[in-house]
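One structure is given here, and the rest of the page talks about it.
Predicted model, so just to flag it, every value in this text is computed and none were measured. Proteins come first, then strands; the chains are lettered A, B, ... in the order of their sequence lines, and each starts at number 1.
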Protein chains: 2
Amino acid sequence: MNLKPSKRQQIFEFLCDFQNQYGYPPTVREIASAVGLASPASVQVHLRSLERDGFIERDPNKPRALKLNQPTKLSQLSESVGEQSETVTIPILGRVAAGTGVVAFEDRDGDLVLSRDMVGNGDHFALKVRGDSMVEMGIFENDWVVARAQKVAEVGEVVICGIFGDEATVKILSKLGEEVELLPANKNYQPIRANHEEVSIFGKVVALVRSF
Amino acid sequence: MNLKPSKRQQIFEFLCDFQNQYGYPPTVREIASAVGLASPASVQVHLRSLERDGFIERDPNKPRALKLNQPTKLSQLSESVGEQSETVTIPILGRVAAGTGVVAFEDRDGDLVLSRDMVGNGDHFALKVRGDSMVEMGIFENDWVVARAQKVAEVGEVVICGIFGDEATVKILSKLGEEVELLPANKNYQPIRANHEEVSIFGKVVALVRSF
DNA sequence: AATATTTTCGAACATTTGTTTGTACTGCGA
DNA sequence: TCGCAGTACAAACAAATGTTCGAAAATATT
C-alpha cells in the first residue's frame with residue numbers, strides 16, 4: 001500500500017548517494033533537479049513521507065538539516081584495495097658517515113615511505129638537499145633525494161658521495177679512473193676533480209621527493 | 001609553526017561532534033556560538049584556514065556545505081607526534097575530468113604511496129607532468145605532482161587546474177578575481193589569463209616525486 | 001615604544017532555502 | 001459523470017545563511 005517505488009525511492013537513494021559523496025545532505029531543490037521534479041514543493045511531499053516512516057529526520061526551516069537514519073546500503077563502491085603495493089621505509093639521514101664507503105645509518109631524522117616499485121631493490125637512504133648546486137637538474141634545496149646504497153656507480157649517474165671526508169654531497173659522476181670528476185648541475189659551480197682515493201661513493205640517486 | 005590551538009582546534013572539534021550527533025554539518029553561526037565567537041565573520045577566517053590545510057572542504061555560499069576530511073581524528077591539529085608513519089595510497093590519474101570542479105578519479109594509472117605527514121590531510125591525487133612549463137620551479141617532464149583535491153587556492157600557490165575544459169595543467173596561481181591569471185615557471189611561456197568561469201581548480205600541489 | 005600581524009566584532013547585503021498557497025493533472029472507484 | 005486522493009507545478013514569502021567591509025582590540029614582532 002505504501003509502495004511508492006518511483007519518486008520516493010529515487011529520492012531516498014539520491015539522499016544516500018549525495019551524503020556519501022559530499023559529506024553533507026542536499027537541499028530540497030537539489031533533490032528536485034536530481035530526480036526530475038520541477039518544484040521544491042513536489043519534494044516536500046516525499047520528504048514528509050520519508051520522515052513519517054522514519055527513514056530520515058529533519059529540522060524544519062533549516063537548510064540541509066536532514067539526517068539519514070539508515071546509512072547507505074550501497075556504499076563501499078571501490079574501496080576494496082585488492083593487491084597493496086609493497087612499501088619501503090627509507091631512513092632520512094642527517095649526515096652520512098664519512099667512513100670507508102659504508103653508509104652508517106646515523107642521525108636518523110625520520111623516515112620516508114615510498115612504494116617499492118618507485119625505488120627498486122636494495123637498501124636505501126634519503127638526504128635533505130643543501131645548496132643549489134643541482135638546480136639545473138631540478139634538484140632544489142630542501143628536497144629529499146633517495147639513494148640506493150652502493151659503493152660503485154657509472155658515468156652519468158647521479159650519486160651521493162663524500163670528498164675528502166667532507167659531508168655527503170650529490171653530484172653527477174662524469175669521469176672514473178685514477179682521477180674522478182664530479183659535475184654540479186649549475187653553471188655557477190665548478191666541476192670537482194679528485195683522486196680516486198679521496199672520493200667515496202655512498203649511493204646512487206634513484207628518486208627525488210619534494211614537499212611544498 | 002601553524003599552531004593555533006585555541007579557536008581553530010575548538011572549531012574543528014565542534015565540527016566533528018556536530019556532524020557526529022546530527023548527521024549534517026553546522027552553520028557558521030552555530031559554530032560561532034558554540035566556540036564563543038560573536039560574529040560569523042570571525043569564524044570565516046578559521047574555516048578558511050582549515051580548508052587551506054585540507055581538514056575540511058567547502059562549497060561557497062551554500063549553507064552547511066562543509067565536509068570533514070578526517071572525521072575521526074582530532075588530534076592531528078595540534079602538530080601530532082605521528083609515531084607510526086601512516087601511509088596514504090594516492091591514485092595516479094591519467095586525466096582529470098573537466099567537470100564541475102569535482103575531481104573524478106578516472107583512468108587510474110596506478111598508485112603512489114607516501115607517508116601522511118608528507119602530504120597532509122585530505123584527498124589526494126597524482127599526475128604525471130607533461131611539458132616543461134614549470135622547469136624553473138624544478139618540476140620536470142615525467143615527474144609526478146601530488147595534489148590535494150580542493151576547489152579553492154590562494155595566490156602564489158601551485159595548483160592543478162583546467163582551462164576551457166582542457167586537460168589538467170599545473171601552474172602558479174597569481175591572480176584571483178573576475179579574471180584569473182596562471183603563471184608558468186618558464187620564461188619561454190606566456191602567462192595565461194582567463195575568465196573566472198573558465199578556470200576550474202582541481203587541487204593544490206603539495207608534493208613532487210621523481211623517479212630516476 | 002612603535003609597528004606589523006592576527007583576531008574579533010558589528011552591520012549590512014545578496015543569496016539560498018524551506019515552506020506555503022493555490023491550481024492543474026492523473027488515475028480510480030462509486 | 002462526479003468526487004477523491006495522490007502527485008506535480010509555479011509563484012511568492014519569510015527566515016536562515018554565507019559573505020564582505022571597515023574598524024576596534026588583542027597579540028606578536030621589531
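- Distances shorter than 4.0 Å separate none of the side-chain N or O atoms of A:Arg58 from OP1 or OP2 on C:dT17.
- Within the 4.5 Å cutoff, side-chain heavy atoms of A:Leu173 are placed close to those of A:Leu182.
- In this structure, the CZ atom of B:Arg8 is 19 Å from the P atom of D:dT27, given to the nearest Å.
- When distances run from any side-chain atom of B:Lys62 to the nucleotides D:dT19, C:dG18, C:dT17, the shortest one goes to C:dT17.
- Between the C1' atom of D:dG18 and the CD atom of B:Glu51 lies a distance of 13 Å, rounded to the nearest Å.
- Between B:His46 and C:dT8 there is a side-chain polar atom (N or O) within less than 4.0 angstrom of OP1 or OP2.
- Atom pair A:Arg64:CZ and D:dT17:P shows a separation of 11 Å (rounding to whole Å applied).
- Distance B:Ile31 CD1 to D:dT17 P: 11 Å, rounded to the nearest Å.
- Sorted by first then second residue, the side chain to side chain donor-acceptor pair (under 3.5 Å) pairs that include residues 134-146 of chain B, not counting sequence neighbours, are B:Asp143-B:Arg210.
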Short N/O separations, protein against nucleotides 9-13 of chain C, under 3.5 angstrom:
unit_1: C:dC9; atom_1: OP1; unit_2: B:Ala38; atom_2: N; d: 3.4
unit_1: C:dC9; atom_1: OP2; unit_2: B:Ala38; atom_2: N; d: 2.7
unit_1: C:dC9; atom_1: OP2; unit_2: B:Ser42; atom_2: OG; d: 3.4
unit_1: C:dG10; atom_1: N7; unit_2: B:Ser39; atom_2: OG; d: 2.9

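- For the pair A:Val113 and B:Leu114, the minimum side-chain heavy-atom distance is 4.5 Å or more.
- Atom OH of B:Tyr22 sits in a sparse spot, with 12 or fewer heavy atoms from other residues, nucleotides or ligands closer than 6.0 Å.
- Between the side chain of B:His124 and the main chain of B:Val119, a donor-acceptor pair closer than 3.5 Å is present.
- Using a 4.5 Å heavy-atom cutoff, the side chains of B:Ile192 and B:Lys171 are in contact.
- Contact check on A:Glu30 versus A:Arg64 returns a salt bridge, with a Lys/Arg side-chain nitrogen under 4.0 Å from an Asp/Glu carboxylate oxygen.
- Rounded to an integer number of Å, the gap from B:Leu47 CG to D:dT17 P is 14 Å.
- Spacing between atom CG of A:Asn61 and atom C1' of C:dT20 amounts to 11 Å, rounded to whole angstrom units.
- For D:dT20, the OP1/OP2 oxygens have a side-chain nitrogen or oxygen of B:Arg48 closer than 4.0 Å.
- Rounded to whole Å, atom P of C:dT17 lies 14 Å from atom CD of A:Gln44.
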